[in-house]
Number of protein chains: 2
Amino acid sequence: MIDVRRLEALVALHRTGTVSAAAEQLHYGQPTISHHLRRLEAETGSVLLQRVGRGLRLTPDGERLAQRGEEVLALLARAEAELTASTSLQAGQIRLAAFPSAAATLVPAAVVLLRERHPGLALDLTEAEPPEAAAMLRAGTVDLALTFAYPDQAEPGGVGSVTVHEDPLYLVAPRGLDLGDGPVDLGRFADTRWVTGCERCRRELLALCDAAGFTPEIAFASDDYVAVQSLVASGLGVTVLPGLALRAHRNPDVVRRRVPGAARRIQVTTYGAPPHPAAVDAVAAVLSEVARRRAES
Amino acid sequence: MIDVRRLEALVALHRTGTVSAAAEQLHYGQPTISHHLRRLEAETGSVLLQRVGRGLRLTPDGERLAQRGEEVLALLARAEAELTASTSLQAGQIRLAAFPSAAATLVPAAVVLLRERHPGLALDLTEAEPPEAAAMLRAGTVDLALTFAYPDQAEPGGVGSVTVHEDPLYLVAPRGLDLGDGPVDLGRFADTRWVTGCERCRRELLALCDAAGFTPEIAFASDDYVAVQSLVASGLGVTVLPGLALRAHRNPDVVRRRVPGAARRIQVTTYGAPPHPAAVDAVAAVLSEVARRRAES
DNA sequence: CCCGCGCATCGACAGTATCGATGAGTTCGC
DNA sequence: GCGAACTCATCGATACTGTCGATGCGCGGG
């Protein structure tokens, strides 16, 4: 493989016309350029240069190689510039996975903030529930994920998460139902029919009801929080939904009350251990800040 | 500037998936690849790799850089291949300057022979009288030239010539003129009107006539040997033409006789001193051989 | 004819590419 | 659950070479 430094010397010679000028342009000494040129000829087994008077001239082969070399150097410079742009957060494409209610709430806000802070960074969003998101991180399909986890839930392997928000859970009931004031007791709904969300949410619901001393009768399950609210509004039963889902969409025919002590953790999840690429850290920071603002409001 | 060897390590890692396999592919030890990757990250200030389990994975930045690196390596390989092809005479474009009568005789024969010997080499012909040809060699416009010189003529500076053929000179007269047998004596035409060729040929003609004891009356001058023969055929006068010009074109209405001891040297002229690029030497050799064959026939 | 300019050569030094040996962390199988 | 095997990181040693300053050589200009 041709040594690029030698090519650089040839290109500089081609540009400047003399070895000394080439050396100056590259901030080298003149013997260094001479050395590289001689080695380049020896290593390629070609005649690239010709002494003429007190100067040098490129042979046709040398001329063509210098042109090729210019392309190579340009491509290298371009690659370096791209990398620098990405490292300095002036450019880049970050692929983000987020669960539906975050995709509808946190992500749009994060996009706005990211555009403000790092105009060159672009987000590419994919909707995915936490287990899929972890799998996508492992597979390298996405660079970053917004996930959630319920208390005492183990983290999937290979990924690292930082909790950025505690998302309280709400009991959601049809509008006609009088929930009274103060904290709500799930036990009141032991004999009511229930609607529940995705697999993981259903497990958490079962745990909550178990703590309240009963086993709920599940009438319907859907991971679509809009559909779930519609079912509740139509009087099919009650449900428990996290705050973000209710913020993303609020059916006017349902009422809600916080379930004391019940919450899920909203997490920014990355693959592997730090350090992460600067762009990944930047997007993670923006997501954290958006979540924190949401928590304060 | 990014070091290409480090890029190579990154590309190999990208291709193979593990450092060890990359090392094997590049015929290096594993610590060498590790070293290059670490240095690449340090020198670019980027996070390109991530430890995962007992292996490594490329970050998005690393992935992009690996792709760019692949392009760079491909371009380098291509440049090297082109150069090798040229050096081994499998490809190449040689620019040749030749004076008109050689362009019409020697060059076509050389093209045929060249195509036979080195099918990859291509000739690019420019017509030029010897002084122009020397200037073009000096300017780098052509790589090789066919020139001619009369005896005692000094060689222009910066170029080197090898004589490949002695081209005899002929007295050319209208068909009706009886030239008799045996060597022709220019003195016979002291009172005839003369036609002559280019500047240099005219000087040689004057020298020949001077040696024969008279000064010719020049009725017409043209560097076009076809036109000169037409003028002679129409009875305007007589002329002296070299063998190649008569071989390139022979007006049926003229007769010729050798001028004893008069000849011009046909030369292959190159720029500067050897060594020359292999392709230049190859074309020069073919031109020499064609000229030698012509001399023998 | 001599001076200046440009390249080649030489010797020396520093930087580093490379390797083998070894250590640390992870995965897999028994 | 523990050991074996695998993968990468680290370390020290060595040889290579990129780089420079000094100097020699050849050519062109004053």
Side-chain angles (χ1 to χ4, degrees), chain A residues 1-44 47-59 62 138 155-160 271-275, chain B residues 1-44 47-59 62 138 155-160 271-275:
Chain A
M1 182 69 63
I2 292 181
D3 188 327
V4 170
R5 251 176 307 190
R6 313 211 200 283
L7 257 193
E8 214 174 354
L10 185 70
V11 169
L13 173 64
H14 184 229
R15 274 209 263 261
T16 62
T18 79
V19 172
S20 305
E24 190 171 354
Q25 190 180 60
L26 299 179
H27 305 105
Y28 281 139
Q30 168 263 316
T32 301
I33 304 299
S34 265
H35 170 72
H36 280 308
L37 294 175
R38 204 152 35 84
R39 294 296 300 269
L40 183 59
E41 279 193 302
E43 286 164 5
T44 60
V47 180
L48 304 172
L49 306 167
Q50 225 176 355
R51 288 222 56 158
V52 30
R54 57 185 175 186
L56 276 185
R57 133 174 320 190
L58 273 66
T59 65
R138 275 192 294 269
E155 183 163 53
V159 302
Y271 184 78
Chain B
M1 183 68 61
I2 292 180
D3 187 327
V4 169
R5 253 177 307 188
R6 312 208 200 285
L7 256 193
E8 214 174 355
L10 185 70
V11 169
L13 173 64
H14 184 228
R15 274 208 262 261
T16 61
T18 79
V19 172
S20 306
E24 190 170 355
Q25 190 180 58
L26 300 180
H27 305 106
Y28 281 140
Q30 169 263 316
T32 301
I33 305 300
S34 265
H35 169 73
H36 280 307
L37 294 175
R38 206 152 35 83
R39 295 294 301 267
L40 183 59
E41 281 194 299
E43 286 164 6
T44 60
V47 180
L48 303 172
L49 307 165
Q50 226 177 356
R51 287 222 57 158
V52 31
R54 57 184 178 188
L56 276 184
R57 134 175 316 191
L58 274 66
T59 65
R138 274 192 294 271
E155 182 162 53
V159 302
Y271 183 79

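As a basis for the values below, the full set of heavy atoms in this structure was taken, side chains included, without hydrogen atoms, waters or symmetry mates. Just so we're on the same page: letters track the sequence lines, and every chain starts at 1.
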- Message: If you assign each of B:Arg5 and A:Leu49 to its closest nucleotide in DNA chain C, which residue comes earlier from the 5' end?
- Response: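 So the residue in question is A:Leu49.
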- Starting at the 5' end of DNA chain C and moving along, which residue's nearest nucleotide shows up first, B:Pro31 or B:His35? B:His35
To the nearest angstrom, how far is [X] atom [atom1] from [N] atom [atom2]?
{"X": "B:Gln30", "N": "C:dA24", "atom1": "CD", "atom2": "P", "result": "16 Å"}
{"X": "A:Arg39", "N": "D:dT19", "atom1": "CZ", "atom2": "P", "result": "12 Å"}
{"X": "B:Leu37", "N": "D:dT10", "atom1": "CG", "atom2": "P", "result": "12 Å"}
{"X": "A:Arg51", "N": "D:dG26", "atom1": "CZ", "atom2": "P", "result": "10 Å"}
{"X": "B:Ile33", "N": "C:dG20", "atom1": "CD1", "atom2": "C1'", "result": "16 Å"}
{"X": "A:Arg57", "N": "C:dC7", "atom1": "CZ", "atom2": "P", "result": "14 Å"}
{"X": "B:Glu24", "N": "D:dC6", "atom1": "CD", "atom2": "C1'", "result": "14 Å"}
{"X": "B:Glu41", "N": "D:dC8", "atom1": "CD", "atom2": "C1'", "result": "13 Å"}

Is [X] close enough to [N] that one of its side-chain N or O atoms is under 4.0 Å from OP1 or OP2 there?
{"X": "A:Arg54", "N": "D:dC25", "answer": "no"}
{"X": "A:Ser20", "N": "C:dC5", "answer": "no"}
{"X": "B:Thr32", "N": "C:dA17", "answer": "no"}
{"X": "A:His27", "N": "D:dT19", "answer": "no"}
{"X": "A:Ser34", "N": "C:dT9", "answer": "no"}

To the nearest 0.5 Å, tell me how far [X] [atom1] sits from [Y] [atom2].
{"X": "B:His36", "Y": "B:Tyr28", "atom1": "NE2", "atom2": "OH", "value": "6.0 Å"}
{"X": "A:His14", "Y": "A:Leu48", "atom1": "NE2", "atom2": "CG", "value": "12.0 Å"}
{"X": "B:Thr59", "Y": "B:Leu49", "atom1": "OG1", "atom2": "CG", "value": "7.0 Å"}

- Task: May I ask you to say what A:His36 touches in the nucleic acid, namely base, sugar-phosphate or nothing, with a heavy-atom cut-off under 4.0 Å?
- Result: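 Answer is sugar-phosphate: A:His36 comes under 4.0 Å of backbone atoms only.
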- Message: Test side chain to side chain contact (heavy atoms under 4.5 Å, CB included) on B:Ile2 and B:Arg6; report intermediate values, then the result.
- Response: CA-CA 8 Å; B:Ile2 292 180; B:Arg6 312 208 200 285; 5.6 Å; no
Nearest to the side chain of [X], which nucleotide is it out of [options]?
{"X": "A:Arg38", "options": "C:dG25, C:dA8, C:dT9", "value": "C:dT9"}
{"X": "A:Leu56", "options": "C:dG6, C:dA8, D:dT10", "value": "C:dA8"}
{"X": "A:Arg6", "options": "D:dT7, D:dA9, D:dG18", "value": "D:dG18"}

- Task: Could you check if a side-chain atom of A:Leu13 sits within less than 4.5 angstrom of a side-chain atom of A:Val19, using non-hydrogen atoms only?
- Result: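 Counting from C-beta outward, A:Leu13 and A:Val19 do come under 4.5 Å.
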- Query: Relative to the 5' end of DNA chain D, which residue comes earlier, A:Val52 or A:Tyr28, by the nucleotide with the nearest heavy atom?
  - Reply: A:Tyr28
